[in-house]
Undergrad: 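Below: one structure in structure tokens.
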Amino acid sequence: MSLDAKLASLSTTIPECLAAGYVDIGSGMLLGVKTVDSHPQEVIALVAAATADMFAGPNITTIERLFKKSRGIGDDGHHYFQEIVVNSDNLIHVFLRGKVYPDYVAVFVCRKTANLGLALTKARMAMPEIESAV
């Protein structure tokens, strides 16, 4: 099954999910996407770039480096930020770093009325299937 088809299938298991995507944070490229509405390509590209900034931007990498230094840990490539949840006026945005592919992040956008705990749990459960489709 293609990545886009897998995202489409799994997005139906996440409560009130309106969009799902998979981002390569190294390049800022969107590898796959499924949305219920059409969105301008510029907006979709910016979401991918913003996801890369949140997980691998210069300030984040500096924070990770400083945490490691303060704990006497060498730079082993491990990342502290694994999940980010953003609540906007009308939506819940769930960002999950991959376990198998830590440079890839899944993004799920749900209506604000969705149960946050259930949306997060279902998104976590979807990750192994998404990573198997890459």
Undergrad: Does P15 reach the side chain of L118, with side-chain heavy atoms less than 4.5 Å apart?
TA: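 The answer is yes; the side chains approach within 4.5 Å.
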Undergrad: Are the side chains of L3 and Y22 in touch, meaning some heavy atoms are under 4.5 Å apart?
TA: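 Yes, their side chains come closer than 4.5 Å.
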Undergrad: Do NZ/NE/NH1/NH2 and the carboxylate oxygens of K6 and E129 come within less than 4.0 Å?
TA: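 Yes, K6 and E129 are salt-bridged.
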Undergrad: May I ask you to say whether D75 pairs ionically with K69, meaning some side-chain N is under 4.0 Å from a carboxylate O?
TA: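 No, no charged N to carboxylate O under 4.0 Å.
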Undergrad: Side-chain contact, heavy-atom cut-off 4.5 Å: I63 with T61?
TA: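 No, side chains not in contact.
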Undergrad: Output yes when a side-chain donor or acceptor of E64 lies under 3.5 Å from a complementary backbone atom of Y80, and no otherwise.
TA: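 The answer is yes, because a donor-acceptor pair under 3.5 Å joins these two groups.
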Undergrad: What I want to find out is whether R124 reaches E83 closely enough, with some N-O distance under 4.0 Å, to be called a salt bridge.
TA: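 Here R124 pairs with E83 in a salt bridge, since their nearest N and O are under 4.0 Å apart.
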Undergrad: Would you say CG of N87 has more than 12 non-hydrogen atoms from neighbouring residues, nucleotides or ligands within 6.0 angstrom?
TA: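 Yes, the 6.0 Å shell around CG holds more than 12 heavy atoms from other groups.
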Undergrad: When you look at CZ of F81, are more than 12 heavy atoms from neighbouring residues, nucleotides or ligands closer to it than 6.0 Å?
TA: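 Check passes, neighbour count above 12.
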Undergrad: Would you check if L96 and V105 make a side-chain contact, meaning some heavy-atom pair closer than 4.5 Å?
TA: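 A side-chain contact is absent here, since even the closest heavy-atom pair is not under 4.5 Å.
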Undergrad: Below 30° counts as parallel, above 60° as perpendicular, anything between as tilted: where do the rings of F95 and F55 land?
TA: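 Judged by the thresholds at 30° and 60°, the geometry between F95 and F55 is tilted.
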Undergrad: With side chains defined as the heavy atoms from C-beta onward, is the minimum distance between K122 and L10 less than 4.5 Å?
TA: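 Side chain of K122 against side chain of L10, heavy atoms only: no contact under 4.5 Å found.
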Undergrad: Could you tell me whether the side chain of V109 reaches within less than 4.5 Å of the side chain of I92, counting heavy atoms only?
TA: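 I92 does not reach V109 side chain to side chain.
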